[in-house]
Amino acid sequence: MSQHDLNWLVTHTEPKASNMIQQLRAHGITHEELLALMGNLPRHQFVEPAFSHLAYSATPLPIGRSQTISQPLTVARMSEWLLTHARLGRVLEIGTGSGYQTRILAHFFNKVHTVERHQTLHLQAKDRLSSMGVNNVEYLFGDGQAGWPNKVEMDAVIITAMASKIPLALTSCLKQQGILIMPIDHPSPQIGCWRKEGDRWKCLGTEAASFVPLLEGMEHA
Ligand code: SAH
């Protein structure tokens, strides 16, 4: 099947991007530019082809290498927190995965730094976003727990995999008043948003969500 046929199939099969946007609105997502962007992004091109007919459903989906793209509401919530609270300068993303969240970050931030420990996913996401004309992203194949090289200071850090402890390299690269978004497991799996205030963290929001684990080391091809 050609990409053209696939596009036709996806736009003529339920659920569509417009249904997804309705659902996001129903769950309290209000940022119009974000909703317009998510409504126009070809989410079916970011998931494993066998699941592309489900790309606009309210569910996480496989993206290869046993990893998953978060369900649309989780992506929208994390993005809306950043748009509400963060200075949209430089953001660090840990867990490039399919590049879907990266693509959204690239629309709003001046510069995106993204790290992925699976070489295949790293290369695929890089090719995918380059072919979409995205050119304000720096991609790194590596263990994101070490942070970004050369201690570049970030306005925001978003971790899209569940850690058992918070890597110091990721909190110390955040500027004061910077925003941290990361999943936590206690008391139940959820995603949270915090602001760095001196040596304290002010919680700005949480929402139930599940994530694949943050793992050590790198996986070549
Ligand atoms: N944001 C992604 C979804 C990511 S799933 C998207 O929109 O598609 C989480 C990703 O984090 C997976 O691709 C996984 O390989 C990656 N990951 C897990 N531990 C990591 C680590 N220590 N460093 C970098 N990436 C990691």
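Side chains included, hydrogens not; waters and symmetry mates left out as well; all remaining heavy atoms used. Atoms within a ligand are numbered from 1 in the order they appear, just like the ligands themselves.
Between the side chains of Thr59 and Gln71, no donor N or O sits under 3.5 Å from an acceptor N or O. For the residue pair Gln67/Ser98, the side-chain donor-acceptor check at 3.5 Å is not satisfied. Side-chain contact annotation: Glu116 with Thr96, donor-acceptor N/O pair under 3.5 Å absent. When only modelled atom types and interatomic distance are considered, His44 and Tyr56 share a side-chain donor-acceptor pair under 3.5 Å.
Geometrically, ligand 1 and Thr68 share no nitrogen or oxygen pair separated by less than 3.5 Å. Between Gln101 and ligand 1, an N or O atom pair is found at a separation short of 3.5 Å. For ligand 1, the polar-atom distance check finds an N/O of Leu215 within less than 3.5 Å of one of the ligand's N/O atoms. Not a single N or O atom of Leu214, backbone or side chain, sits closer than 3.5 Å to an N or O atom of ligand 1.
Residue contact check for ligand 1: Glu219 places no non-hydrogen atom closer than 4.0 Å to it. Note on ligand 1: Ala125 sits outside its first shell, no heavy atom being nearer than 4.0 Å. Using a non-hydrogen distance threshold of 4.0 Å, Thr96 registers as a contact of ligand 1. Residue contact check for ligand 1: Gly142 places a non-hydrogen atom closer than 4.0 Å to it.
With respect to atom 14 (C) of ligand 1, the closest heavy atom belonging to the protein is Gln67 OE1, 3.3 Å. Among protein heavy atoms, the minimum distance from atom 11 (O) of ligand 1 is reached at Gly95 CA, 3.1 Å. Given atom 4 (C) of ligand 1, the protein heavy atom at minimum distance is Thr160 OG1, 3.5 Å. Among all non-hydrogen protein atoms, the one lying nearest atom 20 (C) of ligand 1 is Arg117 CD, 3.3 Å. Remark: minimum distance from atom 15 (O) of ligand 1 to any protein heavy atom is reached at Glu116 OE2, 2.6 Å.
Applying the 4.0 Å criterion to heavy atoms of Glu93 picks out, from ligand 1, the atoms 1 (N). Set against the non-hydrogen atoms of His118, the atoms of ligand 1 under 4.0 Å away are 15 (O). Per-residue contacts place Leu121 under 4.0 angstrom from the following atoms of ligand 1 (heavy atoms of the residue considered): 13 (O).
Contact record, Phe211 with Met162: CB-N, 3.9 Å, taken as the closest heavy-atom pair. Closest approach of Trp81 to Gly205, counting heavy atoms only: CZ2-C, 3.6 Å.
Between atom 8 (O) of ligand 1 and the options Gly97, Gly144, Ser98, the minimum heavy-atom separation is to Ser98.
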